[in-house]
Amino acid sequence: MDINKVGVVGCGLMGSGIAQIAAQAGCDVVVREVDQAQCDKGQGKIDKFLGKAVEKGKLSQEDKDAVMGRISFTTELSGFAACDLVVEAIIENLEIKRELFAALDTICPAHTIFATNTSSLAVGDMASATNRGQNFVGLHFFNPVPLMKLVEVVRTLETSADVFDAACAFGEKVGKVVVRAKDSPGFVVNLLLVPYLLDSIRALEAGVATAEDIDAGMKLGCGHPMGPLQLLDFVGLDTTLYIADIMFHEFKEFRYSAPPMLRRLVASGRNGMKSGRGFYDYARK
Ligand code: 3HC
């Protein structure tokens with residue numbers, strides 16, 4: 001099961017990165033967005049990232065052009081009819097994802113593998129909207145996708161061994177280290193990362209230290225590239241709250257419960273870097 005033609009649904013933060021690394025690995029990539037304006041925006045993100053790589057001397061202009069040339073954009077799902085793999089990277093909403101996969105199931109040939117980049121929903125809950133449970137996996141990439149070296153490949157109870165192996169081989173083909181996980185809330189990384197991030201907010205709420213000192217503690221004391229509050233701003237406070245609520249619902253354990261401060265910040269629109277303000281103020285920087 002060689003994967004050469006890849007479809008990506010959604011060209012936001014994650015989708016644009018997935019499309020880019022697949023094209024950099026030599027795959028032909030078709031990206032679907034809801035309208036032309038979103039297609040143009042997504043293309044702009046990839047172009048900008050690769051442009052920076054050229055500036056940094058990590059990529060030649062010729063290679064950049066070749067990568068861009070391997071990516072096409074469409075607003076129609078029918079564009080996925082010839083894909084070996086379709087990766088979904090749309091909004092974290094189960095019903096919307098199920099509708100998408102049910103529609104793709106009628107368009108794509110039987111051999112096409114479906115993958116979701118979900119960080120928190122059950123992969124099996126999406127697979128059950130299709131008639132190809134054996135051809136369904138999770139491919140959980142990390143932000144920023146082109147720079148982070150990991151992908152979690154997730155198998156459901158129904159995923160076939162061949163499809164799982166093909167998905168792992170694809171992860172390696174796009175230059176990632178593969179971690180294999182079963183379809184369990186948070187897989188490996190978020191299972192451990194989310195309680196840690198929530199605990200850093202509890203430490204701030206309890207007045208243990210300032211945000212700057214909590215972040216400096218973990219950066220310099222543990223060698224993390226970002227402190228937890230900085231990472232929360234980077235991932236998005238709304239995104240983290242959403243994931244925490246799903247995990248709390250699944251496990252009913254305190255360590256997944258969102259601290260009141262997180263809810264208050266999200267309610268007031270302080271969602272982190274993308275909104276200009278989270279634990280830190282980005283407008284002033
Ligand atoms: N093209 C090619 N290379 C690039 C590049 C580009 N456009 N932009 C940056 N790079 C390279 C740099 O040259 C540098 O390479 P070097 O180490 O060989 O010099 C490297 O990437 C790092 O780039 P920068 O120096 O510009 O930036 P930083 O050193 O500040 O690193 C970061 C940025 C990679 C985001 C780092 O801060 C980091 O790793 N942060 C943690 C991110 C993280 O934890 N992400 C996971 C979030 S959780 C998640 O996604 C799961 C979800 O479910 C919640």
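As the structure lists them, so they are numbered: ligands from 1, and atoms in each ligand from 1. Treat the numbers as computed from the prediction; the structure is a model and nothing was measured.
Side-chain contact, D215 with Y280: a donor N or O sits under 3.5 Å from an acceptor N or O.
Nearest non-hydrogen protein atom to atom 43 (C) of ligand 1 is M148 CE, 3.5 Å. For atom 47 (C) of ligand 1, the nearest protein heavy atom (residue, atom name, distance) is V235 CG2, 3.8 Å. Counting only heavy atoms of the protein, atom 35 (C) of ligand 1 lies nearest to P144 CD, 3.8 Å. Here the heavy atom of the protein found nearest to atom 7 (N) of ligand 1 is F49 O, 2.9 Å. Protein heavy atom nearest atom 51 (C) of ligand 1, with residue, atom name and distance: F142 CD2, 3.4 Å.
For atom 20 (C) of ligand 1, no protein non-hydrogen atom is found at a distance below 4.0 Å. Protein heavy atoms are absent from the space less than 4.0 angstrom from atom 28 (P) of ligand 1. Not a single protein heavy atom sits closer than 4.0 Å to atom 17 (O) of ligand 1. Counting protein heavy atoms under 4.0 angstrom from atom 25 (O) of ligand 1 gives zero. Distance screen at 4.0 Å: atom 31 (O) of ligand 1 has no protein heavy-atom neighbour inside the cut-off. Distances from atom 12 (C) of ligand 1 to the protein include at least one heavy-atom value under 4.0 Å. The nearest protein heavy atom to atom 1 (N) of ligand 1 is closer than 4.0 Å.
Listed by number with element, the atoms of ligand 1 under 4.0 angstrom from any heavy atom of P225 are 38 (C), 39 (O), 40 (N), 41 (C). Numbered from 1 in the order shown, with element, the atoms of ligand 1 that lie under 4.0 Å from a heavy atom of S119 read 53 (O). In the vicinity of K52, heavy-atom distances shorter than 4.0 Å reach the ligand 1 atoms 7 (N). Against a heavy-atom cut-off of under 4.0 Å, K58 is close to the following atoms of ligand 1: 2 (C), 3 (N), 11 (C), 12 (C), 13 (O), 14 (C), 15 (O), 16 (P), 18 (O).
Comparing heavy-atom distances from atom 8 (N) of ligand 1 across H224, M226, M14, K56 singles out K56 as nearest. Remark: among candidates L150, L13, N143, the nearest residue to atom 50 (O) of ligand 1 is N143, based on non-hydrogen atoms.
Ionic pairing of K64 and D47 is present here: one or more N-O contacts between side-chain nitrogen and carboxylate oxygen are shorter than 4.0 angstrom. In summary, D105 and R132 engage in a salt bridge, as defined by a charged side-chain N under 4.0 Å from a carboxylate O. Between E92 and K97, at least one side-chain N (NZ, or NE/NH1/NH2) sits under 4.0 Å from a carboxylate O, which counts as a salt bridge. Comment: D238 does not engage R263 in a salt bridge, judged by the lack of any side-chain N to carboxylate O separation of less than 4.0 angstrom.
Under a 4.0 angstrom heavy-atom cut-off, H140 registers as being in contact with ligand 1.
In this structure, V154 and T159 have side chains that are not in contact, with every pair of non-hydrogen atoms separated by 4.5 Å or more.
In terms of hydrophobic clustering, with Ile, Leu, Val, Met, Phe, Trp and Tyr side chains grouped at heavy-atom distances under 4.5 Å, F164 and I3 are assigned to a common cluster. Cluster annotation: L121 is not connected to F251 through the hydrophobic network of ILVMFWY side chains, with a link wherever side-chain heavy atoms come within less than 4.5 Å. Note on L59: it clusters hydrophobically with I18, by side-chain heavy-atom contacts below 4.5 Å among ILVMFWY residues.
Residue N190 touches ligand 1 through its side chain alone, judged by heavy-atom distances below 4.0 Å. Within the 4.0 Å heavy-atom criterion, the part of L147 lying near ligand 1 is the side chain and not the backbone. Contact annotation for L231 and ligand 1: only side-chain heavy atoms (C-beta onward) come within less than 4.0 Å of the ligand.
A cation-pi arrangement is absent between R255 and Y196, since the terminal nitrogen or guanidinium carbon is not both under 6.0 Å from the aromatic centre and inside a 45° cone about the axis.
Considering D245, I246, T239 as possible partners of I243, the one that fulfils the side-chain contact (heavy atoms from CB on, under 4.5 Å) test is T239.
The aromatic rings of F142 and H140 sit tilted, their planes meeting at an angle between 30° and 60°.
Between F101 and F136, the distance from one ring center to the other falls under 6.0 angstrom.
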